[in-house]
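The structure appears below as structure tokens.
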Amino acid sequence: MSGDGGNDPLEGVDPEVLAWHWGALANDPAVCCEPQPGQDGYPCILNRAYHFEHRDVLGRTWPREEPLYVARMAPVVDGQVTVETRDYGPVTTPEPSWCNGRHRQGGMRADIGHQAEDVSCVFSVDQAAGPAEFLTSFLTQRPFSPTDTGLYLAVELGDQNVELDPAGVDALAVALVGHASVLRSAARRLAVMRGEA
């Protein structure tokens, strides 16, 4: 793959982008690999998640021919929701008053879940940056789960949601109160270090 004058067109390309390129050429299952019309050897390097256009290692783009499909949602009628499943067909279940009413069609029965609206701790860093949200939480229940049909509070911790029972939520609150004192102490130390005491 050399261009005009013997220069390598991939010279200077970010190594991470180059790794995706080599993955696309090797048909890595994580990479889109869609061939680029009229540019052999320069497939799409984006991951398999949906993207509106394809992109090659050199940043060139071309349209994606496949249409975007939006998941169909199950309607809630008279306090009941009927979800189409692949393994049990239509499944009707009571809709709790706290549920946000969004249920995707076409999954497995065990995946049917009720979820409340998200609630987050909001902290404004400054006016330019705007508010930051963290510790997002929501009520959740999976009425057909083969392992646990209980009602939990899911709490986003890092890049995962951890489902907590009442004792777990209390333990989290204790940890937050304890960490608040650590942050207050850090604020005082920082003020002294900055000469703002």
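Position 1 is the first residue of the sequence; numbering continues from there. Worth saying up front: this structure is predicted, and the values here are computed from it rather than measured.
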Of all heavy-atom pairs linking Ala74 and Val83, the shortest is CB-CG2, 4.0 Å

Glu16 CD: over 12 foreign heavy atoms closer than 6.0 Å:
no

Does Phe144 have any side-chain contact (heavy atoms from CB on, under 4.5 Å) partners at least two apart in sequence or in another chain, and if so, which?
Val91, Thr93, Arg109, Ile112

Could you tell me if the side chain of Gln80 sits less than 4.5 Å from the side chain of Val77, heavy atoms only?
no

Got a salt bridge between Arg142 and Glu163, using NZ or NE/NH1/NH2 to carboxylate O under 4.0 Å?
yes

Glu34 and Trp62, any side-chain heavy atoms less than 4.5 Å apart
yes

Criterion side chain to side chain contact (heavy atoms under 4.5 Å, CB included) on Leu157 and Leu135, from CA distance to verdict
CA-CA 6 Å; Leu157 299 173; Leu135 285 179; 3.6 Å; yes

Asn100 to Glu117 - nearest heavy-atom pair and separation
CB-OE2, 3.1 Å

Answer yes or no: is there a side-chain heavy-atom contact under 4.5 Å between Val119 and Thr136?
no

Calculate, to the nearest 0.5 Å, the distance between atoms CZ and CG belonging to Phe138 and Leu153 respectively.
8.5 Å

So among Glu53, His54, His21, which one has a side chain to side chain contact (heavy atoms under 4.5 Å, CB included) with Cys44?
His54

Linking I/L/V/M/F/W/Y whenever any side-chain heavy atoms sit under 4.5 Å apart, do Met73 and Val76 land together?
no

Shortest non-hydrogen pair, Leu10 vs Leu58, comes out as CD2-CD2, 4.0 Å

Could you give me the CA-CA distance, side-chain angles and deciding distance for Asp56 and Gln36, then say whether side chain to side chain donor-acceptor pair (under 3.5 Å) is met?
CA-CA 8 Å; Asp56 75 4; Gln36 183 175 175; 2.9 Å; yes

Under a 4.5 Å cut-off applied to non-hydrogen side-chain atoms, are Asn47 and Cys32 in contact?
no

Using the side chain to side chain contact (heavy atoms under 4.5 Å, CB included) rule, take Thr92 and Val81 through it: C-alpha gap first, then chi angles, then the decisive distance, then the call.
CA-CA 6 Å; Thr92 301; Val81 62; over 6 Å; no

Any heavy-atom pair between the side chains of Asn27 and Cys33 that's under 4.5 Å?
yes

Counting distance only, does the side-chain N/O of Thr85 pair as donor-acceptor with the main-chain N or O of Gly89 below 3.5 Å?
yes

Tell me whether the guanidinium CZ or amine NZ of Arg60 lies under 6.0 angstrom from the six-membered ring centre of Tyr42 and within 45° of its axis.
yes

Shortest non-hydrogen contact between Ala154 and Thr140, atoms and distance
CB-CG2, 4.0 Å

Heavy-atom pair of closest approach, residues Ala30 and Asp28:
N-OD1, 2.7 Å

Quick test of your reading: applying ring pair (Phe, Tyr, Trp, His ring centres under 6.0 Å), list the pairs with at least one residue in residues 91-114, sequence neighbours left out, ordered by first then second residue.
His103-His114

Salt bridge (Lys or Arg N to Asp or Glu O under 4.0 Å) pairs touching residues 75-86, sequence neighbours excluded, are none

Exercise: identify the closest heavy-atom pair between Leu18 and Val13:
N-CG1, 4.1 Å

Within a strict 4.5 Å, meaning less than it, do heavy atoms of the Gln105 and Pro90 side chains meet?
no

Are Leu46 and Trp20 connected, step by step, through hydrophobic side chains (Ile, Leu, Val, Met, Phe, Trp, Tyr) whose heavy atoms are closer than 4.5 Å?
no

Is Gln141 reaching over with its side chain to a backbone N or O of Thr149, donor-acceptor style, under 3.5 angstrom?
yes

Indicate yes or no: at least one non-hydrogen side-chain atom of Val31 is less than 4.5 angstrom from one of Trp22.
no

Run Tyr152 and Asp165 through side chain to side chain contact (heavy atoms under 4.5 Å, CB included) and show every step you take.
CA-CA 5 Å; Tyr152 291 93; Asp165 60 15; 3.9 Å; yes

